[in-house]
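Working notes for the structure below.
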Amino acid sequence: MHIAEGFLPPAHAIAWGVASAPFVVHGVRSLTREVREHPESTLLLGASGAFTFVLSALKLPSVTGSCSHPTGTGLGAILFRPPIMAVLGTITLLFQALLLAHGGLTTLGANVFSMAIVGPWAGYGVYRLLRRWDVPLMVTVFAGAFVADLSTYCVTSVQLALAFPDPGSGFLGALGKFGSIFAVTQIPLAVSEGLLTVIVMRLLVQSSKGELTRLGVLLTRSGERRQEAVAR
Amino acid sequence: MSRNTKINALLLLAVAALAVLPLVLGLGDHKEEPFAGADAEAETAITEIEPDYEPWFSPLYEPPSGEVESALFALQAALGAGVLAYYFGLRRGRRQGEQRAAQALRDAPAGD
């Protein structure tokens, strides 16, 4: 769930836009380089964008008695690195802002920052860290997607608390308030997103071994064999 | 069903359970409007903190009704699902084609 249109004061809206812009520009460059150097990855890029499209259209009920939706940015960040997700996430957010009145143009910068920048980077960071420790691939994928999803909404809560500090309890009070709305609601949804990302990654391991090896997701021959053993 | 398919089905089942349980357990019963969007709740929280705040911009286009909005959300999900299904279908077809070609190559000398 993104910050609604007009719900960030102009100064904040502009500041988040300025903060996000370089990431998106850099992302567009990475994306065009990837497509030029590896035209065969266009299809998988499309699939990663499509995954974000599906997941951010699914508004799911949560334990807090309210609804929110996952982001789907972890998968693309793991496959193609976060800069490319900055672009794919922005496209999804634009679609929702323009056609669905969900999120908004004035809050696009802030929403891009949370969903298309911090989420992918946080998820990717956790994924890389766990891989270095030799954690099984699917566990790292789950953790990466979970963190990408949850961190997105933690950032959303911080953004709102910065813009609307509580008159009594200040920034922290507001953070508690927005955090209980966004972040707590998101925990079970982040688990769902982790599981769905694992399903897609399992299907990719079966169907696109060559691509995954090229992208560095499947590392060594022994790693591949371990995956095959899991697949059977 | 292969073991692989079974694991995927179990994972999907877990996702479905996570979505259905809050509804079944009535976790939204304490609310005036159960299972509203978190973004709408945030808007309420903003007006609680700052009662004078007025959104200074409104969406350029707003779906005229809940029905149209849900149709557009469904369209978004369908577009994404369509592309994903195309990807996996294409991959599967290619793999089968390659296998068949390899099989034909292996069989060819035997037929001579």
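Side-chain atoms are counted along with the backbone in the values below, which use heavy atoms only and exclude waters and symmetry mates. The model shown is predicted, which means the values in this text are computed figures rather than measured ones. Sequence lines set the chain letters: A, B, ... in the order given, protein chains first and strands last, and positions in each chain run from 1.
Only the side chain of A:Phe95 comes within less than 4.5 Å of a heavy atom in chain B; its backbone stays farther off. Contacts of A:Leu203 with chain B are made by both backbone and side-chain atoms, with heavy-atom separations under 4.5 Å. With a 4.5 angstrom heavy-atom cutoff, A:Pro9 touches chain B via backbone and side-chain atoms both. Interface remark: B:Ala36 contributes backbone atoms only to the contact with chain A (heavy atom separation under 4.5 Å). Contact annotation for A:His102: only side-chain heavy atoms (C-beta onward) come within less than 4.5 Å of a heavy atom of chain B. For A:Ser62, the part lying under 4.5 angstrom from a heavy atom of chain B is the backbone only. Looking at A:Glu193, neither its backbone nor its side chain comes within 4.5 Å of chain B, counting heavy atoms on both sides. Looking at B:Glu50, only its side chain comes within 4.5 Å of chain A, counting heavy atoms on both sides. In this structure, chain B has heavy atoms under 4.5 Å from both the backbone and the side chain of A:Ile181. Of the two parts of B:Leu12, the backbone and the side chain both hold a non-hydrogen atom closer than 4.5 Å to a non-hydrogen atom of chain A. The contact between B:Arg95 and chain A is made entirely by side chain atoms (from C-beta outward), counting heavy-atom distances below 4.5 Å. Heavy-atom distances place no part of A:Ile3 under 4.5 Å from chain B, backbone and side chain included. Contacts of A:Phe178 with chain B are made by side-chain atoms alone, with heavy-atom separations under 4.5 Å and no backbone atom involved. Interface remark: A:Leu160 contributes side-chain atoms only to the contact with chain B (heavy atom separation under 4.5 Å).
Interface check for chain A: of the options B:Gly80, B:Ala81, B:Ala17, B:Ala45, the most heavy-atom pairs under 4.5 Å are formed by B:Gly80. When the candidates B:Pro34, B:Ala42, B:Ala74 are compared by the number of heavy-atom contacts under 4.5 Å with chain A, B:Ala42 comes out ahead. Interface remark: of the candidates B:Gly28, B:Ala16, B:Pro59, B:Pro59 forms the most heavy-atom pairs closer than 4.5 Å to chain A. In terms of non-hydrogen atom pairs under 4.5 Å with chain B, the most contact-rich of A:Leu105, A:Val54, A:Thr92 is A:Val54.
Here the side chains of A:Ser66 and B:Lys31 are in contact, with some heavy-atom distance below 4.5 Å. Looking only at side-chain heavy atoms (C-beta outward), B:Phe57 and A:Pro10 stay at 4.5 Å or farther from each other. The side-chain heavy atoms of B:Leu18 and A:Val191, taken from C-beta on, include a pair separated by under 4.5 Å.
In this structure, A:Glu40 does not pair ionically with B:Arg94, as no charged nitrogen and carboxylate oxygen lie closer than 4.0 Å. Remark: B:Arg91 engages A:Glu211 in a salt bridge, criterion side-chain N to carboxylate O under 4.0 Å.
At distances below 3.5 Å, not a single donor-acceptor pair connects side-chain atoms of B:Trp56 with backbone N or O atoms of A:Phe7.
Between atom CG of residue A:Leu58 and atom CD of residue B:Gln76 there is a gap of 9.0 Å, rounded to the nearest 0.5 Å. Note: B:Phe73 CZ to A:Ser56 OG = 8.5 Å, rounded to the nearest 0.5 Å. Between the CG atom of A:Leu204 and the CZ atom of B:Phe88 there is a distance of 4.0 Å, given to the nearest 0.5 Å. Atoms OG1 and CD, on B:Thr5 and A:Gln206 in that order, are 7.0 Å from each other to the nearest 0.5 Å. Taking CG from B:Asp39 and SG from A:Cys67, the interatomic distance works out to 10.0 Å, rounded to the nearest 0.5 Å. Here A:Met138 contributes atom CE and B:Leu11 contributes atom CG; the two are 9.5 Å apart, rounded to the nearest 0.5 Å.
Donor-acceptor pairing under 3.5 Å is recorded for the side chains of B:Tyr87 and A:Ser208.
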